[in-house]
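What you are looking at is a predicted structure, and each value in this text was computed from that prediction instead of being measured.
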Amino acid sequence: MKLATLKNGSPDGRLVVVARDLGQAVDATAIAPTMQRALENWDSCAPRLDALYQALNAEDAAGAFAFDPDQAMAPLPRAYQFVDASAFLNHGNIMERAFNLTVEVPAGVPILIQRQADDFRGPCDDYAFPSEADNCDFEGEVAAITGPIPMGSDPLRCEASIRLLALFNDVSMRAHLPREMGMGFGFIQAKPATVFAPVAVTPDELSDAWQGGRVALDLHVSRNGEWFGHPNGREMDFSFGQLLAHLAYNRNLGAGTVLGTGTFSNRDHKVVGSSCLAERRALEVLEYGEPRTPFLRFGERLRFEMRNAAGQSLFGAIDNRYVAAGE
């Protein structure tokens, strides 16, 4: 099943069901007015949403209309909780080697950080940032959006509580990162609003690519129309179930909790590239002694997309232009 949220002038938009090929959509507000409402009432809403999805794919849904990603908000425009991980240890290893960092992380313990969740951005809107001196970066990730998870749940129960998966760009402002890391109290200016692809999907839409709580598909990233990388999610060192179990160790997780993977990163980077500038720049430091790839400048365009085994776009694409604030 594929779901999206369309703009209607409200902070939470209106819920629609989207066809598998992303060509058509149909209003779902009679079932649940918003994505959050659907997540909170998943057991009663999901069967009705799925019936609408099946009818839409069979071209038998009354009121169907062309799906326009330009009119999409983030699938879940705001959430009660957003937590990001660094679940691809290869990425951290590259950064540590390039910049002589020492990060004390106990073996088997995932890295997680609380993030802001009140301003998720849509897939096609211009993205404004204050200054090129912020060293704007991107990070291609996948998020799990959950139902309620009781405190102390094990990884299997946590994985079974994943309702939807979503693709996102975790925008970073690298100029602020060293200062905020040195303060030891989390990110504020280093991590502005996050951008989501237009459609969230149930895990069954991935078919065989949903493997052990991981998304075993390439994440295609381009910068100004040029290939940047296509790392695969299969190398995620911690599964979504393991990450969620760590998060739920001493707390209940509410319906609509959003958990990110951290930037996709693969060991064969010379073949698959990267999904963030910081990693490419670190690899350049290791190879050439200095970074050569610049951070984002105003007017640049980024595209993120993930395709299934048949070559169809799974989540739709993030396609943003980066502009000066106030433009």
*Determine whether M181 and F187 make a side-chain contact, defined as any pair of heavy atoms from C-beta on separated by less than 4.5 Å.*
yes

*Side-chain (Q81) to main-chain (T257) donor-acceptor, under 3.5 angstrom*: no

*Check: S274 side chain, C276 main-chain N or O, donor-acceptor pair, under 3.5 Å*: no

*Does N169 reach the side chain of R121, with side-chain heavy atoms less than 4.5 Å apart?*
no

_Path from L283 to L277 over hydrophobic side-chain contacts below 4.5 Å_ = no

*asked:* For the CD1 atom on I188, are there more than 12 heavy atoms of other groups (residues, nucleotides or ligands in this structure) within a distance under 6.0 Å?
replied: no

*Do you know the tightest heavy-atom contact between A166 and A200?*
CB-CB, 4.5 Å

*asked:* Are I94 and L219 linked, directly or through intermediate hydrophobic residues, by side-chain heavy-atom contacts shorter than 4.5 Å (ILVMFWY only)?
replied: no

*Given side chain to side chain contact (heavy atoms under 4.5 Å, CB included), test I149 with N252 step by step and report yes or no.*
CA-CA 6 Å; I149 298 177; N252 298 311; over 6 Å; no

*asked:* For the CE atom of M236 and the OG atom of S86, what is their distance to the nearest 0.5 Å?
replied: 10.5 Å

_Which residues pass the side chain to side chain donor-acceptor pair (under 3.5 Å) test with E141, not counting sequence neighbours?_
none

*Listed partners of R20 passing salt bridge (charged side-chain N to carboxylate O under 4.0 Å, His left out), at least two apart*: E205

*Can you tell me if N308 uses its side chain to pair, donor with acceptor, with the backbone of G311 under 3.5 Å?*
yes

_Using the side chain to side chain donor-acceptor pair (under 3.5 Å) criterion, which residues pair with T202? Sequence neighbours excluded._
D204

*Close side-chain approach of Y322 to R297, heavy-atom, < 4.5 Å*: no

*Could you tell me which non-hydrogen atom of M95 sits nearest to which non-hydrogen atom of A282, and how far apart they are?*
SD-CB, 3.7 Å

*Okay, side chain of D119, backbone of A193: is any donor-acceptor separation there less than 3.5 Å?*
no

*asked:* Restricting to salt bridge (charged side-chain N to carboxylate O under 4.0 Å, His left out), what partner residues turn up for R78, sequence neighbours left out?
replied: D12

*Stepwise, does the side chain to side chain contact (heavy atoms under 4.5 Å, CB included) test hold for F264 with D218?*
CA-CA 9 Å; F264 273 39; D218 292 345; over 6 Å; no

*Does any pair with a residue in residues 47-75 pass salt bridge (charged side-chain N to carboxylate O under 4.0 Å, His left out), and if so which ones, sequence neighbours excluded?*
none

_Within the 4.5 Å heavy-atom criterion, are P231 and S265 side-chain neighbours or not?_
no

*Is it true that a side-chain atom of N266 and a backbone atom of N232 form a donor plus acceptor pair closer than 3.5 Å?*
yes

_Under the rule for side chain to side chain donor-acceptor pair (under 3.5 Å), what residues qualify as partners of R234, not counting sequence neighbours?_
none

*Are side-chain heavy atoms of I162 and P203 found at a separation under 4.5 Å?*
yes

*Group every Ile, Leu, Val, Met, Phe, Trp and Tyr by side-chain heavy-atom contacts under 4.5 Å, then state whether F65 and L22 land in the same group.*
yes

*Hey, could you give me the CG/SG distance between N320 and C124, rounded to the nearest 0.5 Å?*
7.0 Å

*Under 3.5 Å, side chain of T5 to main-chain N/O of P75, donor-acceptor pair present?*
yes

*Pairs touching residues 150-178 that satisfy salt bridge (charged side-chain N to carboxylate O under 4.0 Å, His left out), sequence neighbours left out*: R115-D170, D137-R174, E139-R174, D170-K191

*Is the side chain of D134 donor-acceptor paired with the backbone N or O of S131 at a distance under 3.5 Å, no angle test?*
yes

*Chi angles and distances behind the side chain to side chain contact (heavy atoms under 4.5 Å, CB included) call for L253, R251*: CA-CA 6 Å; L253 306 183; R251 69 181 79 179; 3.8 Å; yes

*Are any side-chain N or O atoms of N250 and backbone N or O atoms of M151, one a donor and one an acceptor, separated by less than 3.5 Å?*
no

*Please say whether more than 12 non-hydrogen atoms of neighbouring residues, nucleotides or ligands are located less than 6.0 Å from CZ in F99.*
yes

*Determine, step by step, whether V221 and L302 satisfy the side chain to side chain contact (heavy atoms under 4.5 Å, CB included) criterion, reporting the C-alpha distance in whole Å, the side-chain angles of both residues, the deciding distance to 0.1 Å, and the verdict.*
CA-CA 7 Å; V221 182; L302 296 176; 5.6 Å; no

_Measuring only between side-chain heavy atoms, which start at C-beta, is V142 closer than 4.5 Å to M306?_
yes

*Do L112 and L259 have side chains that get closer than 4.5 Å, going by heavy atoms?*
yes

_I'd like to know whether R301 forms a salt bridge (Lys or Arg N to Asp or Glu O under 4.0 Å) with D126, so could you lay out the CA-CA distance, the side-chain angles of the two residues, the decisive distance to 0.1 Å, and finally the verdict._
CA-CA 9 Å; R301 183 173 289 276; D126 285 348; 5.2 Å; no

_Pairs meeting criterion ring-ring contact (aromatic ring centres under 6.0 Å, His included) with involvement of residues 277-316, two or more places apart_ = F129-F298, F138-F304

*Do T146 and S161 have a side chain donor and acceptor closer than 3.5 Å?*
no

_Other members of the hydrophobic cluster containing F82, with the 4.5 Å side-chain heavy-atom rule, please._
M1, L3, L15, V17, V26, I31, M35, L39, W42, L49, L52, Y53, L56, L76, F120, I145, L164, F168, F196, V258

_Please find the pair of heavy atoms, one from C45 and one from A32, that lie closest to each other, and give the distance._
SG-CB, 4.1 Å

*Do NZ/NE/NH1/NH2 and the carboxylate oxygens of R223 and E300 come within less than 4.0 Å?*
yes

*Taking all non-hydrogen atoms of both residues, which atom of T34 and which atom of G13 are closest, and how far apart?*
CG2-O, 3.8 Å

*Can you name the closest pair of heavy atoms from A175 and P178 and give their distance?*
O-CD, 3.9 Å

*asked:* Treating Y127 as the side-chain partner and T194 as the backbone partner, does any N or O pair qualify as donor plus acceptor under 3.5 Å?
replied: no

*Verify, without hydrogens or angle tests, whether R280 (side chain) and F228 (backbone) share a donor-acceptor contact under 3.5 angstrom.*
yes

*Answer yes or no: is there an ion pair linking R303 with E305, defined by an N-O contact shorter than 4.0 Å?*
yes

*Got E235 and R267 here, is their nearest side-chain heavy-atom distance under 4.5 Å?*
yes

*With sequence neighbours excluded, tell me which residues meet side chain to side chain contact (heavy atoms under 4.5 Å, CB included) with S239.*
R214, Q242

*Please identify each residue that fulfils side chain to side chain donor-acceptor pair (under 3.5 Å) with N93, with sequence neighbours left out.*
none

*Looking only at heavy atoms, which two atoms of I318 and A197 are closest? And how far apart?*
CG1-N, 3.4 Å

*Verify same cluster id: V18, M73 (apolar side-chain graph, 4.5 Å)*: no

_Summary of side-chain hydrogen bond (donor to acceptor under 3.5 Å, both in side chains) pairs that have at least one residue in residues 21-32, sequence neighbours excluded_ = R14-D27, D27-T29

*asked:* Would you say F238 ends up clustered with I113 if hydrophobic residues are merged whenever their side chains have heavy atoms under 4.5 Å apart, either directly or through other cluster members?
replied: no

